[in-house]
**Student:** 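Below: one structure in structure tokens.
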Amino acid sequence: MDNNDREIRLYTVIQGIPAGKVATYGQIASLAGLPGAARLVGKVLSGLPADTQLPWHRVINAAGKISLPQNSDSFAEQKKRLAEEKVLVCGNGIKLSEYQWRP
DNA sequence: GGAATGACTCTTT
DNA sequence: TAAAGAGCCATTC
């Protein structure tokens, strides 16, 4: 069940992100015990259901921007949710120095 | 077992 | 922060 643990850890770490804060894929991967597996985080998030409880909207890339295509619904959804958490979204990104989660 | 893919990251310019 | 190149992890065919 090790391979399943990876997902569990990723979910746990993502759930640990407090509201109003965001984390990068690399951060989540490292905290989940998978340093360098940033792409895996994206892979897992891509497979999340639309009604998931996971705060995936708090996950962004190292550039502080949303990696989703701007013409996608998920992009608008993430932007909307972030705004709900008082996270200012400039264009397709945010201010990492202000909102990046530091455990 | 090898090649391709992906919501990426790092270092250098 | 932006651009270009190389690297890393796991899944899938």
Side-chain angles (χ1 to χ4, degrees):
Chain A
M1 302 306 180
D2 286 316
N3 52 341
N4 196 34
D5 263 359
R6 282 194 284 273
E7 287 186 52
I8 301 298
R9 294 216 191 186
L10 286 175
Y11 291 130
T12 304
V13 173
I14 294 171
Q15 270 191 354
I17 305 173
K21 294 278 180 181
V22 297
T24 67
Y25 294 92
Q27 262 189 314
I28 293 165
S30 292
L31 291 172
L34 301 168
R39 303 187 83 111
L40 265 299
V41 181
K43 198 81 170 186
V44 172
L45 293 183
S46 65
L48 287 174
D51 60 348
T52 181
Q53 284 275 335
L54 211 69
W56 56 268
H57 55 268
R58 294 179 192 147
V59 184
I60 55 177
N61 60 11
K65 296 178 183 171
I66 300 174
S67 297
L68 290 160
Q70 299 182 5
N71 60 336
S72 191
D73 290 2
S74 300
F75 175 82
E77 188 71 29
Q78 178 164 24
K79 207 172 162 184
K80 185 178 178 182
R81 290 202 186 200
L82 287 174
E84 285 285 313
E85 309 213 341
K86 305 291 186 278
V87 178
L88 298 179
V89 182
C90 290
N92 64 333
I94 66 169
K95 284 188 177 181
L96 271 182
S97 48
E98 285 288 328
Y99 298 104
Q100 185 172 29
W101 176 46
R102 299 169 208 167

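This structure is a prediction, so every number in the text was calculated from the model and none was measured.
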**Student:** Would you confirm whether A/E85, through its side chain, and A/R58, through its main-chain N or O, come within 3.5 Å as a donor-acceptor pair?
**Tutor:** no
**Student:** Look at A/R6 and C/dC9 and indicate whether a side-chain polar atom (N or O) is within less than 4.0 Å of OP1 or OP2.
**Tutor:**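 Result: no.
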**Student:** Can you give one letter per nucleotide of nucleotides 7-13 of chain B, going 5' to 3': B for a protein heavy atom under 4.0 Å from the base, S for sugar-phosphate only, - for none?
**Tutor:** BBS----
**Student:** Of all heavy-atom pairs between A/L10 and A/A29, which one has the smallest distance, and what is that distance?
**Tutor:**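 Looks like CD2-CA, 4.4 Å.
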**Student:** How many angstroms lie between atom CD1 of A/I60 and atom OH of A/Y99, to the nearest 0.5 angstrom?
**Tutor:**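 The OH atom of A/Y99 is 11.0 Å from CD1 of A/I60, to the nearest 0.5 Å.
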**Student:** In whole angstroms, how far is the P atom of B/dT5 from the CG atom of A/L40?
**Tutor:** 17 Å
**Student:** Quantified in whole Å, what is the P atom distance between nucleotide B/dA7 and nucleotide C/dG7?
**Tutor:**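 Going atom to atom, P in each nucleotide, I get 22 Å.
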**Student:** What nucleic acid atoms does A/K65 come within less than 4.0 Å of, heavy atoms only: base, sugar-phosphate, or nothing?
**Tutor:**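 Contact class for A/K65: sugar-phosphate only.
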**Student:** Counting distance only, does the side-chain N/O of A/S72 pair as donor-acceptor with the main-chain N or O of A/F75 below 3.5 Å?
**Tutor:** no
**Student:** Sorted by first residue and then second, give each side-chain hydrogen bond (donor to acceptor under 3.5 Å, both in side chains) pair with at least one member in residues 75-84 of chain A; sequence neighbours left out.
**Tutor:** A/E77-A/R81
**Student:** Starting from the 5' end of DNA chain C, give me the residue, A/A37 or A/S97, whose nearest nucleotide shows up first.
**Tutor:**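 That would be A/S97.
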**Student:** Hey, can you pull the donor-acceptor pairs under 3.5 Å for the side chains in residues 35-49 of chain A, sequence neighbours left out?
**Tutor:**
unit_1: A/S46; atom_1: OG; unit_2: A/G42; atom_2: O; d: 3.4
unit_1: A/S46; atom_1: OG; unit_2: A/K43; atom_2: O; d: 2.4

